[in-house]
Participant: 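The structure under discussion is supplied below as structure tokens; questions concerning it will follow.
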Amino acid sequence: GSQNSLIQNEKMWKLMQSYIKNDKETIQQSIVNHVEYTLAKTRFDFSIFHAYQAISHSVRDRLIEAFNDTAQYFTHHDCKRVYYLSIEFLMGRYLQNALINLELEDNYKEAVLELGYNLESVYEQEVDPALGNGGLGRLAACFLDSMATLNLPAWGYGIRYSYGIFRQLIKDGYQYEVPDYWLDNGNPWEIERLDVNYPIRFYGYVRKIHENGKEKSIWEGGELVLARAYDNPIPGYDTYNTINLRLWRSLPAREFDFNSFNQGDYFKALEEREKAEYITSVLYPNDSNYSGKELRLKQQYLLVCATIQDVIRRFKKKKRDWKELPEKIAVQLNDTHPAMAIVELLRVLIDHEGIEIEFAWELVYKSFSYTNHTILPEALEKWGIDLLGNLLPRHLEIVYIINFIFLEKVSKKFPNDHHRLSSLSIIEESNPKKIRMANLSIIGSHAVNGVAEIHSKLLTTTLFKDFYELRPKKFQNKTNGVTPRRWIRCCNVQLAQLYTEQLGGDTWVTDLTQVRCLENMVEDPDFQNNWQRIKRQNKEQLKWWVKENCQIDINIDSLFDVQVKRLHEYKRQFMNILYVIHRYLSIKKTPADQRHAKFLPRTIMFGGKAAPGYINAKRIIKLICSVADKVNTDSEIGDLMKIVYLPNYNVSNAQIIIPATELSQHISTAGLEASGTSNMKFVMNGSLIIGTMDGANVEIAEEVGKENMFIFGALVDEIEGLRNHMRNTEPSQYFPPELNEVLQKIDEGFFGAVDELRELINTIRNRNDYYLLGADFKSYLEAQKKVDECYKNKSLWTKMSIRNAIRSSKFSSDRTIQQYADEIWGVKAFQIPNPSQNAR
Ligand code: 73E
């Protein structure tokens, strides 16, 4: 009753004064209590792993206070909400990030030390939650951090895979994939919502009935599963706002299939039920590649269907008119993977809420917006109509209706323009016909954006040209960004300290533009020394990591040259290793007594996973490792050159690798890397870039100045011409001699593994050099030469490094998210008061 709840309320306000304190003793007490009561271990003897678990639980308690208050506050203020839908969230470890965002790291460090553990070692106990492949998934994670920090009423929605991206082992130069069952030891960062479960239907049929002279569609039959919510609190920095990443897990539906149970095959019936769990078992490990598997579509629909039910339930909590929907929600689609949400919302509005299709459509497209992340044709999702119509029969009908209405309008504007009509159509008239998810996403959204200027430009001039001509205002750019919390404050503690000292405070962490004020320190010798000292310490740390994980000793005085990213032909790790071979051969040709004068010591590091079925990517790994073997054991080379394959590249080792890097490679064929985001992280940490005019490199050059980078290679407008030339010319005729020599060495079997390495080099030799390694090789050599010249001049290099870092503020995801909020979502900040002041 209401009186009861009033009394309860009174009591609650009093109890809120017992919100956990954060002095050292209270922290220790809460850790030790978790050892005893949560882990049921004795407080007199617990391992570092149990320390990690107990500490995490005590941090979780603090997160939950702010988390609940934030949710209540948003509800109370009835704010317009943002829903960020993504099939991947590559979160990385939580503990350090949570402590830093809650501004509790120092308190915990002290408290934990007295309990016998070093907090940094405790961090190492955490598994790396890797529910994503690469840039797209990590972007979603950075965005959550910025949305929380900017106090936006936002939630992320994704899938709680039981297996994240595989763990990569490198043995004898080959990649092996080990399943990543990351939940082995439980997950203190999530809250299982036993009471939030939604039914999800697959297959079945559509029955038509007639009511008041109108046709109604009822989707029934098929199979039901449940999606259960797992909430992951996301704390902002310098705010108490703590938002939510809600991940769905599939479970068997509660309804019994009495039929199969009654047929007497009890075990068979249970087996069927168990299958439901499989839907959210594993993350598809293909980056920028579409595989067209039914299970993947099931994952996508489960995400979409559960999320739309959740969103609508929240909208309906208050009695209001449907026309308010776009004023209360903004749904952002992270690529086309969750694009069925458009059809799903429409289906619910029409079939369940009885709304007229025209009005329902208006509500839908006003609520949705779509981000495109790639123009690679092999990554564009196109579902066969048989597969889609079988799994989601009603959705296929609705897609046809949307398409019909849309094309009607187009043909009024462009009569008899069949070409245009077929390129705009959601249906690709192939055999079998296919549903183009990108077209659906554009038509169903009020805003479409690319992820860097050059990429957004390419969208409107090539891939989505016809859509652009139809609705130019729909198309926007939102250049990607990365969170300075994880990518400076957490991973480069010393650099963060230097910034805080120089700027007289740490407000730069939420306003990165402040570090631009350090421009006047570039020439300061003390500052330069500090800068070099920090880089050296970070290099030292990486040296130990390499020693431990690769059993290779690297030269701390050598130039640390790094290319870490997913293996893909368009990213051209192949070109990098071909250059490395050239460098090796050049050293060998130089008389021994002149080598040290002519060549600067370099440590060339590669890292990244290949999709398990991507044969050429795996061959590139093999080539790198074969060359590494040869070079690293060549006594004539010594520490002039070492080549390292860093195994299992992931978020937590990126946090060690990036701050230690002096030169990082971002060398994709122009036009193919939509943005890249590690380029931003490297620049923020004082690495120089060797790169092409592609993706966000173009804007980095604008910010830091071309003279502070090593830019090379064909420009996007030159690509088509070069490809034609390549196809019409004998490769050995236009490849530079240096490249021909390198290819010949591989062909001779100089690096072993002749058969597969020949297959690899043939991909560029047979007038088949689609990614134009041959065309860019010469200018790549020249850029590499400039690298060596600059590195010889230590103070010049340091100044360039400083300029890169302090001019990188544009690439904070805070800037990106503010633009999404203002220009696409139309949402405002709502900051909760300090919860300890809530107690009245
Ligand atoms: O350039 C990157 C971009 O920085 C792009 O390749 C990547 O997204 C990053 C963030 O915007 C990306 N990933 C995918 N498409 N583009 C993708 C496609 C299918 C499955 C998984 C990932």
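Counting starts at 1 for both ligands and their atoms, in listed order.
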Participant: What atoms in ligand 1 come closer than 4.0 Å to a heavy atom of Asn286?
Facilitator: 20 (C), 21 (C)
Participant: Hey, is Glu381 one of the residues with a heavy atom under 4.0 angstrom from ligand 1?
Facilitator: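 It does not, in that no heavy atom of Glu381 comes within the 4.0 Å cut-off of ligand 1.
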Participant: Does CD1 in Ile615 sit with more than 12 non-hydrogen atoms of other residues, nucleotides or ligands closer than 6.0 Å?
Facilitator: no
Participant: Identify, for atom 2 (C) of ligand 1, the protein heavy atom at the shortest distance, and state residue, atom and that distance.
Facilitator: Glu673 OE1, 3.4 Å
Participant: Pairing donors with acceptors under 3.5 angstrom, does anything connect the side chains of Asn648 and Lys609?
Facilitator: yes
Participant: Is the distance between the ring centroids of Tyr771 and Tyr570 less than 6.0 Å?
Facilitator: no
Participant: Counting only heavy atoms not in Arg296, do more than 12 fall under 6.0 Å of its CZ?
Facilitator: yes
Participant: Using atom types as modelled and distance alone, determine if a side-chain donor or acceptor of Gln476 lies under 3.5 Å from a backbone N or O of Glu823.
Facilitator: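 Yes; at least one donor-acceptor contact below 3.5 Å.
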Participant: Which ligand 1 atoms, with their elements, are less than 4.0 angstrom from a heavy-atom of Glu88?
Facilitator: 21 (C)
Participant: Glu703 and Arg803: salt bridge (charged side-chain N to carboxylate O under 4.0 Å, His left out), yes or no, with the steps?
Facilitator: CA-CA 10 Å; Glu703 296 295 303; Arg803 288 199 188 99; over 6 Å; no
Participant: Just going by heavy-atom distances, which of Met680, His337, His373 is nearest to atom 16 (N) of ligand 1?
Facilitator: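 Looking at heavy atoms only, His373 sits closest to atom 16 (N) of ligand 1.
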Participant: Which atoms of ligand 1 are found less than 4.0 Å from any heavy atom of Asn480?
Facilitator: 4 (O), 10 (C), 11 (O)
Participant: I need the contact type for Leu136 against ligand 1. Using non-hydrogen atoms and a strict under-4.0 Å cut-off, is it side chain, backbone, both or neither?
Facilitator: both
Participant: Within a 6.0 Å radius of atom OH on Tyr176, are there more than 12 heavy atoms belonging to other residues, nucleotides or ligands?
Facilitator: yes
Participant: For atom 4 (O) of ligand 1, what is the closest protein heavy atom, and at what distance to 0.1 Å?
Facilitator: Gly676 N, 2.8 Å
Participant: Pull out every atom of ligand 1 sitting under 4.0 Å from any heavy atom of Tyr570, numbered as shown with elements.
Facilitator: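 It comes down to these atoms of ligand 1: 6 (O).
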Participant: Would you say Ser675 and ligand 1 have an N/O pair spaced under 3.5 Å apart?
Facilitator: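 For ligand 1, there is an N or O atom that lies under 3.5 Å from one belonging to Ser675.
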Participant: How far is atom 14 (C) of ligand 1 from its nearest protein heavy atom, and which residue and atom is that?
Facilitator: Ser288 OG, 3.5 Å
Participant: Using atom types as modelled and distance alone, determine if a side-chain donor or acceptor of Thr149 lies under 3.5 Å from a backbone N or O of Tyr237.
Facilitator: yes
